A.B. asks: 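Supplied in structure tokens, the structure appears directly below.
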Amino acid sequence: MAVDYFLHEKIWFEKYKYDDAERRYYEQMNGPVTEPAAAEEDDDDDIDLFGSDDEEEDQEAAKVREERLRQYAEKKAKKPGLIAKSSILLDVKPWDDETDMAKMEECVRSIHMDGLVWGASKLVPVGYGIKKLQIQCVVEDEKVGTDILEEEITKFEDYVQSVDIAAFNKI
């Protein structure tokens with residue numbers, strides 16, 4: 001009963017014989033097939049993996065690369081860099097309540113430096129009728145330092161007792 005079953009089934013018990021027969025048939029039709037490994041062995045002499053035969057092309061490529069790097073460096077040099085700026089809020093304190101605050105503000109604003117821009121100001125009460133001047137300024141960090149700015153303001157000894165930095169923010 002099992003033998004009858006295998007008679008009707010398409011099972012290849014000796015498949016290698018059929019594969020060999022099919023290979024021989026196609027070889028007769030198309031000629032023998034060369035294996036890829038054999039073809040690669042013959043071509044090994046033609047391929048130079050390290051490019052030693054192409055020295056002239058390497059020199060030209062190096063010249064082109066150097067030219068592009070030079071152009072990039074020139075372009076980068078022309079581009080202006082970012083300018084670091086800071087916003088500073090100064091507390092300028094007078095000697096007493098009789099100090100002319102308008103004249104003190106005028107003196108402070110008379111300070112001119114490259115990279116210094118004065119902003120808004122207001123009078124803030126400290127106590128006992130004394131008010132301090134709060135004044136805003138924007139400085140370029142490389143050109144104006146806070147120490148220099150404080151020294152310049154405190155030169156007005158008749159009006160200014162001291163200068164403090166109330167706020168300092170990088171822009």
Side-chain angles (χ1 to χ4, degrees), residues 19 33-171:
D19 290 341
V33 177
T34 58
E35 295 181 10
E40 288 178 11
E41 289 176 9
D42 295 339
D43 293 339
D44 283 347
D45 296 336
D46 297 337
I47 298 174
D48 185 12
L49 298 177
F50 300 105
S52 60
D53 292 338
D54 300 329
E55 291 179 12
E56 292 179 12
E57 291 179 20
D58 290 342
Q59 290 175 355
E60 290 175 13
K63 288 179 184 177
V64 169
R65 183 174 49 250
E66 291 298 322
E67 178 65 23
R68 287 183 182 164
L69 286 172
R70 187 185 59 77
Q71 289 174 352
Y72 176 74
E74 287 176 4
K75 182 178 177 184
K76 188 88 169 166
K78 290 179 184 177
K79 187 175 181 182
L82 291 176
I83 299 172
K85 292 184 180 182
S86 300
S87 173
I88 304 173
L89 182 63
L90 298 169
D91 284 343
V92 183
K93 297 175 187 167
W95 285 106
D96 55 17
D97 61 339
E98 295 178 0
T99 304
D100 186 5
M101 298 301 286
K103 182 68 176 164
M104 184 172 77
E105 181 179 352
E106 182 182 322
C107 291
V108 170
R109 287 187 183 271
S110 70
I111 298 171
H112 295 287
M113 295 181 187
D114 187 30
L116 172 66
V117 177
W118 292 108
S121 65
K122 66 180 180 179
L123 297 176
V124 179
V126 177
Y128 302 105
I130 300 175
K131 295 180 180 180
K132 65 180 177 182
L133 173 68
Q134 266 193 348
I135 189 164
Q136 183 80 27
C137 66
V138 176
V139 296
E140 291 183 22
D141 294 342
E142 291 184 10
K143 295 179 180 178
V144 179
T146 56
D147 295 336
I148 296 171
L149 191 58
E150 288 179 25
E151 285 178 17
E152 290 294 318
I153 294 173
T154 54
K155 283 183 181 178
F156 301 106
E157 296 174 354
D158 294 341
Y159 301 101
V160 179
Q161 176 198 5
S162 65
V163 178
D164 294 324
I165 297 175
F168 188 97
N169 296 311
K170 292 282 187 182
I171 298 178

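As the structure is a prediction and not an experimental result, all values here were calculated from the model.
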A.B. asks: Of all the heavy-atom pairs spanning Val160 and Ile153, show the shortest one and how long it is.
C.D. replies: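 Taking every non-hydrogen atom into account, CG2-O, 3.7 Å.
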A.B. asks: Can you sort out the partners of Lys85 under salt bridge (Lys or Arg N to Asp or Glu O under 4.0 Å), two or more places apart, ordered by chain and number?
C.D. replies: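 In terms of salt bridge (Lys or Arg N to Asp or Glu O under 4.0 Å), with neighbours along the sequence ignored, Lys85 is linked to no residue.
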A.B. asks: Mind checking salt bridge (Lys or Arg N to Asp or Glu O under 4.0 Å) for Lys155 and listing every partner two or more places apart, or none if nothing turns up?
C.D. replies: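 Salt bridge (Lys or Arg N to Asp or Glu O under 4.0 Å) check on Lys155 returns Glu152.
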A.B. asks: Can you name the residues that form a side chain to side chain contact (heavy atoms under 4.5 Å, CB included) with Cys107, not counting sequence neighbours?
C.D. replies: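 In terms of side chain to side chain contact (heavy atoms under 4.5 Å, CB included), with neighbours along the sequence ignored, Cys107 is linked to Lys103, Phe156, Tyr159.
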A.B. asks: Side chains of Ser86 and Asp141: any donor to acceptor distance under 3.5 Å?
C.D. replies: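 Distance-only check passes for Asp141 and Ser86.
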A.B. asks: By the side-chain hydrogen bond (donor to acceptor under 3.5 Å, both in side chains) test, which pairs, at least two apart or in different chains, include something from residues 120-129?
C.D. replies: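 Residue pairs with at least one partner in residues 120-129: Glu105-Ser121, Arg109-Ser121.
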A.B. asks: Name all residues meeting the side chain to side chain contact (heavy atoms under 4.5 Å, CB included) criterion together with Asp97; count only those two or more places apart in sequence or in a different chain, and write none if there are none.
C.D. replies: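 Here the qualifying residues are Ile130.
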A.B. asks: List the residues meeting salt bridge (Lys or Arg N to Asp or Glu O under 4.0 Å) with Arg70, not counting sequence neighbours, and say none if there are none.
C.D. replies: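 With sequence neighbours excluded, Arg70 shows a salt bridge (Lys or Arg N to Asp or Glu O under 4.0 Å) to Glu67, Glu74, given in chain and number order.
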A.B. asks: Would you say Glu106 and Asp100 make side-chain contact, with heavy atoms under 4.5 Å?
C.D. replies: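 Result no, sub-4.5 Å side-chain heavy-atom pair not found.
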A.B. asks: About how many Å separate CZ of Arg65 and CG of Leu69, when rounded to the nearest 0.5 Å?
C.D. replies: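 So the CG of Leu69 and the CZ of Arg65 are separated by 7.5 Å.
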A.B. asks: When rounded to the nearest 0.5 angstrom, what is the spacing between CD in Gln161 and OG1 in Thr154?
C.D. replies: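 Answer for the CD-OG1 pair, Gln161 versus Thr154, is 11.5 Å.
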A.B. asks: Taking CD in Gln71 as the centre, count heavy atoms belonging to other residues, nucleotides or ligands within less than 6.0 Å. Is the count above 12?
C.D. replies: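 Atom CD in Gln71 is crowded, with more than 12 foreign heavy atoms closer than 6.0 Å.
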A.B. asks: Taking only residues two or more places apart in sequence, or in another chain, which ones meet Ser162 in a side-chain hydrogen bond (donor to acceptor under 3.5 Å, both in side chains)?
C.D. replies: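 Counting only residues at least two positions away or on another chain, Ser162 forms no side-chain hydrogen bond (donor to acceptor under 3.5 Å, both in side chains).
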A.B. asks: Excluding sequence neighbours, so at least two apart, what forms salt bridge (Lys or Arg N to Asp or Glu O under 4.0 Å) with Asp164?
C.D. replies: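 Partners of Asp164 under the salt bridge (Lys or Arg N to Asp or Glu O under 4.0 Å) test: Lys93.
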A.B. asks: Evaluate Leu90 against Leu149 for side chain to side chain contact (heavy atoms under 4.5 Å, CB included), listing each step before the verdict.
C.D. replies: CA-CA 10 Å; Leu90 298 169; Leu149 191 58; 3.9 Å; yes
A.B. asks: Please check if the side chain of Trp118 supplies one atom and the backbone of Ile135 the other of a donor-acceptor pair under 3.5 Å.
C.D. replies: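 Side chain of Trp118 to backbone of Ile135, a donor-acceptor pair under 3.5 Å: no, none is there.
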A.B. asks: Is a side-chain donor or acceptor of Trp95 paired with a backbone partner of Glu157 at a separation under 3.5 angstrom?
C.D. replies: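 Such a contact is found between Trp95 side chain and Glu157 backbone.
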A.B. asks: Listed by chain and number, what are the side chain to side chain contact (heavy atoms under 4.5 Å, CB included) partners of Asp147, not counting sequence neighbours?
C.D. replies: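 If we apply the side chain to side chain contact (heavy atoms under 4.5 Å, CB included) test to Asp147, skipping adjacent residues, there are no hits.
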A.B. asks: List the residues meeting side chain to side chain contact (heavy atoms under 4.5 Å, CB included) with Lys76, not counting sequence neighbours, and say none if there are none.
C.D. replies: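 Applying side chain to side chain contact (heavy atoms under 4.5 Å, CB included) to Lys76 gives Tyr72.
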A.B. asks: A side-chain contact here means heavy atoms from C-beta on lying under 4.5 Å apart; do Ile165 and Leu89 qualify?
C.D. replies: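 When only atoms from C-beta onward are counted, Leu89 and Ile165 do not touch, as no gap falls below 4.5 Å.
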A.B. asks: Please report the interatomic distance OG1(Thr146) to CD(Glu151), rounded to the nearest 0.5 Å.
C.D. replies: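 Thr146 OG1 to Glu151 CD: 10.0 Å, rounded to 0.5 Å.
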A.B. asks: Could you note down all residue pairs passing salt bridge (Lys or Arg N to Asp or Glu O under 4.0 Å) where residues 125-136 supplies at least one of them, sequence neighbours left out?
C.D. replies: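 For residues 125-136, and leaving out neighbouring residues, the salt bridge (Lys or Arg N to Asp or Glu O under 4.0 Å) pairs sorted by first residue read Asp91-Lys132.
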A.B. asks: Tell me every residue that passes side-chain hydrogen bond (donor to acceptor under 3.5 Å, both in side chains) with Lys143, counting only those two or more places apart in sequence or in another chain.
C.D. replies: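 Once residues adjacent in sequence are excluded, the partners of Lys143 under the side-chain hydrogen bond (donor to acceptor under 3.5 Å, both in side chains) criterion are Asp114, Glu140.
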A.B. asks: Out of curiosity, Asn169 CG to Ser87 OG, how far, rounded to the nearest 0.5 Å?
C.D. replies: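 Here the interatomic distance stands at 5.5 Å.
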